[in-house]
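It should be emphasised that the depicted structure is a prediction, and the values quoted were computed from it without experimental measurement.
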Amino acid sequence: MAAAAALARLEQKQPRARGPTSQDSIRNQVRKELRAEAAVSGDPEAPGSNTAPEPKEEGSAHLAVPGVYFTCPLTGAILRKDQRDARIREAILMHFSTDPVAASIMKIHTFNKDRDRVKLGVDTIAKYLDNIHLHPEEEKYRKIKVQNKVFQERIHCLEGTHEFFEAIGFQKVLLPIPDQEGPEEFYVLSEAALAQPQSLERHKEKLLSAEPVRATLARQRRVFRPSTLASQFDLPADFFNLTAEEIKREQRLRSEAVERLSVLRTKAMREREEQREMRKYTYTLLRVRLPDGCLLQGTFYARERVAALYGFVREALQNDWLPFELLASGGQKLSEDENLAFNECGLVPSALLTFSWDAAVLEDIRAAGTQPDTSILKPELLSAIEKL
């Protein structure tokens with residue numbers, strides 16, 4: 001509507017050119033697209049629009065979810081976003097008292113952020129261990145000079161590597177060097193560790209295959225009674241990459257500029273802008289309206305695939321083996337097999353979807369002379385149902 005008004009004013013102000021110009025072409029293109037968009041949706045505020053909701057302060061009584069939380073894979077503790085890194089470090093350090101080899105491997109892969117440097121260091125350690133395994137009788141392979149250039153550049157610089165060597169049976173000792181005045185520091189493999197080559201090989205494989213320890217996103221699954229507020233989402237600032245102040249300022253600037261710029265934006269330009277908008281969101285809050293009107297809610301990464309939502313819903317069903325469909329606003333079917341992310345489907349930073357049994361399933365049920373159950377969630381979830 002703003003674009004149409006701006007176009008009308010622009011045509012009144014500008015004198016007519018003798019022939020068509022690039023500005024005329026742009027205006028004609030915009031006019032066509034406005035008509036096409038109006039034909040598809042007569043209501044600019046129709047559900048499913050990607051207008052960014054204004055973030056609310058955490059602690060507000062009307063927030064759809066209190067914030068973004070994570071689960072520590074080592075302790076199971078629920079963590080706030082600003083706690084996760086520090087708590088995971090603490091959990092890894094505590095793990096040294098029970099399994100120093102596993103803890104040192106986790107420390108190497110988690111505490112060091114440069115993944116290329118970690119790979120280079122891990123591959124070098126694996127080479128040391130391979131030499132020992134292939135040449136157990138040669139003493140030179142059981143000694144690693146700490147001041148060696150390769151050791152210093154690739155291994156010494158990584159957190160956790162010294163703990164790993166000590167955990168698998170190396171001991172740090174001072175050894176004399178021929179034609180050198182003072183001794184040098186070496187890691188020397190103990191006789192006990194040398195006598196268990198299978199253990200060294202196991203430790204090497206674990207080191208090579210390990211991944212950083214990362215907190216997993218807590219879904220914060222909740223079930224709500226049927227509500228007319230199902231499509232309203234008041235989100236905390238955690239759901240936005242920008243701060244609340246930056247979001248407000250950007251929305252104000254965009255509102256001021258939309259009338260001036262809309263006449264110059266082609267459809268391709270608007271699509272590129274929408275893609276930039278989608279990248280602003282790290283998380284999304286999704287609700288699924290079930291056949292009985294109840295709502296199932298969960299938190300997801302904006303870049304997670306649609307299949308993650310299908311799995312989330314399936315875990316909540318009494319009959320999780322029956323096929324079903326999820327429909328976005330406007331009746332668009334989201335396919336579980338399509339490798340699309342939520343932000344690619346426009347389902348960010350929040351969205352309401354509709355659950356529907358697979359059409360073939362419904363036909364079979366009705367052919368048997370029965371009706372599908374309206375209450376489809378597991379009893380333990382219904383026992384904790386809330387009012388939205």
| remark: The reported gap from CG in Leu352 to CG in Leu347 (rounded to nearest 0.5 angstrom) is 10.5 Å
| field | Short N-O contact, Lys119 and Asp123, less than 4.0 angstrom | value | yes
| said: Are Phe324 and Tyr310 an aromatic pair, judged by ring center distance below 6.0 Å? | reply: yes
| task | Check Cys345 against Leu340 and note the closest heavy-atom contact, atom names and distance. | result | SG-CB, 3.8 Å
| note | Heavy atoms of Ala64 and Gln297 approach each other most closely as O-NE2, 3.0 Å
| query | Taking all non-hydrogen atoms of both residues, which atom of Ile108 and which atom of Gly160 are closest, and how far apart? | reply | CG1-C, 3.5 Å
| request: Run through Lys113, Arg117, Arg89 and flag the one making a salt bridge (Lys or Arg N to Asp or Glu O under 4.0 Å) with Glu159. | output: Arg89
| message | Rounded to the nearest 0.5 Å, what separates atom CZ in Arg221 from atom CG in Leu381? | response | 4.5 Å
| task | Walk me through it: do Leu74 and Met106 pass the test side chain to side chain contact (heavy atoms under 4.5 Å, CB included)? | result | CA-CA 11 Å; Leu74 300 178; Met106 288 189 285; 3.9 Å; yes
| request: Kindly check if the number of other-residue, nucleotide or ligand heavy atoms within 6.0 Å of NE2 (His135) is above 12? | output: yes
| note | One should read off an interatomic distance between Arg289 CZ and Leu327 CG, to the nearest 0.5 angstrom, of 12.0 Å
| said: Restricting to non-hydrogen atoms, name the atom on Pro236 and the atom on Leu63 that form the minimum distance, rounded to 0.1 Å. | reply: N-CD2, 3.7 Å
| field | Any donor-acceptor pair under 3.5 Å from Asn148 side chain to Phe151 backbone | value | yes
| said: Please say yes or no: joined through hydrophobic side-chain contacts below 4.5 Å, possibly via intermediate residues, are Val65 and Leu353 part of one cluster? | reply: yes
| message | Contact between Asn343 and Arg303 at the side-chain level, heavy atoms closer than 4.5 Å - yes or no? | response | yes
| message | Using the rule given for side chain to side chain contact (heavy atoms under 4.5 Å, CB included), can you reason through Lys81 versus Thr282, listing the C-alpha separation, both sets of side-chain angles and the distance that settles it, and then say yes or no? | response | CA-CA 12 Å; Lys81 188 164 64 169; Thr282 304; over 6 Å; no
| said: Taking side chain to side chain donor-acceptor pair (under 3.5 Å) as the criterion, tell me which of Gln171, His162, Lys143 meets it with Tyr187. | reply: His162
| request: Flag yes if Ile125 and Leu194 sit in one hydrophobic cluster, no otherwise; membership is Ile, Leu, Val, Met, Phe, Trp, Tyr, and two members link when side-chain heavy atoms are under 4.5 Å apart. | output: yes
| request: Report yes or no: does Glu325 contribute a side-chain atom to a donor-acceptor pair with the main-chain N or O of Leu334 at less than 3.5 Å? | output: no
| request: Count the heavy atoms belonging to other residues, nucleotides or ligands that lie under 6.0 Å from CD of Glu139, then report whether that count exceeds 12. | output: no
| Hey, is the main chain of Lys107 close enough, under 3.5 Å, to the side chain of Thr110 for a donor-acceptor pair? | no
| message | Can a donor-acceptor pair be found, under 3.5 Å and without considering hydrogens, that links the side chain of Asp238 to the backbone of Val68? | response | yes
| Sole residue of Phe165, Tyr128, Phe164 in side chain to side chain contact (heavy atoms under 4.5 Å, CB included) with Phe170 | Phe165
| Looking at side-chain heavy atoms only, is the closest gap between Leu326 and Val306 below 4.5 Å? | no
| Under 3.5 Å donor-acceptor, Arg142 side chain and Pro136 backbone | yes
| field | Heavy-atom pair of closest approach, residues Leu174 and Pro183 | value | CB-CB, 4.2 Å
| request: Would you give the length of the straight line joining atom CD of Glu163 to atom CD1 of Ile105, rounded to the nearest 0.5 angstrom? | output: 12.0 Å
| query | Only one of Phe239, Tyr281, Phe300 clears side chain to side chain contact (heavy atoms under 4.5 Å, CB included) with Val348; which? | reply | Tyr281
| request: With the side chain counted from C-beta on, respond yes when Val122 and Leu208 share a heavy-atom pair under 4.5 Å apart, and no when they do not. | output: yes
| task | Give a yes or no on whether Ile376 and Ile385 share a hydrophobic cluster (residues Ile, Leu, Val, Met, Phe, Trp, Tyr; joining criterion: side-chain heavy atoms under 4.5 Å apart). | result | yes
| message | For the backbone of Gln220 and the side chain of Thr299, can you confirm whether one donor and one acceptor N or O come within less than 3.5 Å of each other? | response | no
| Thr71 side chain reached by Ile78 side chain, heavy atoms, under 4.5 Å | yes
| said: With clusters defined by side-chain heavy atoms of hydrophobic residues (ILVMFWY) lying less than 4.5 Å apart, directly or transitively, does Leu377 cluster with Phe312? | reply: yes
| Main-chain N/O of Glu315 paired to Lys378 side chain as donor or acceptor, under 3.5 Å | yes
| said: In the structure I gave you, are the side-chain heavy atoms of Leu93 and Phe111 within less than 4.5 Å of one another anywhere? | reply: yes
| With a 4.5 Å heavy-atom cut-off, do Leu295 and Leu388 have their side chains touching? | yes
| So, does Gln232 use its side chain to make a donor-acceptor pair with the main chain of Leu229 at under 3.5 Å? | no
| request: May I ask you to decide whether Glu336 forms a salt bridge with Arg314, counting only side-chain N to carboxylate O separations under 4.0 Å? | output: yes
| query | When you measure from the side chain of Asp114 to the backbone N and O of Asp116, does any donor-acceptor pair fall under 3.5 Å? | reply | yes
| request: Determine the minimum heavy-atom distance between Glu184 and Gln147, stating which atoms define it. | output: OE1-CG, 3.7 Å
| field | Atom pair CZ (Phe224) and CG (Leu296), whose distance is rounded to the nearest 0.5 Å | value | 9.5 Å
| message | Quick test of your reading of the model: are Glu201 and Lys204 salt-bridged, counting only N-O distances below 4.0 Å? | response | yes
| Distance, nearest 0.5 Å, that separates CZ of Arg87 from CD1 of Ile92 | 14.0 Å
| Same cluster (ILVMFWY, side-chain, under 4.5 Å), Phe186 and Val150 | no
| said: For a 4.5 angstrom cut-off between non-hydrogen side-chain atoms, does Leu290 reach Val223? | reply: no
| field | Verdict with reasoning, Tyr283 to Leu285, per side chain to side chain contact (heavy atoms under 4.5 Å, CB included) | value | CA-CA 7 Å; Tyr283 312 100; Leu285 187 68; over 6 Å; no
| query | Yes or no on side chain to side chain contact (heavy atoms under 4.5 Å, CB included) for Leu322 and Leu317, after CA distance, side-chain angles and deciding distance? | reply | CA-CA 9 Å; Leu322 287 174; Leu317 301 178; over 6 Å; no
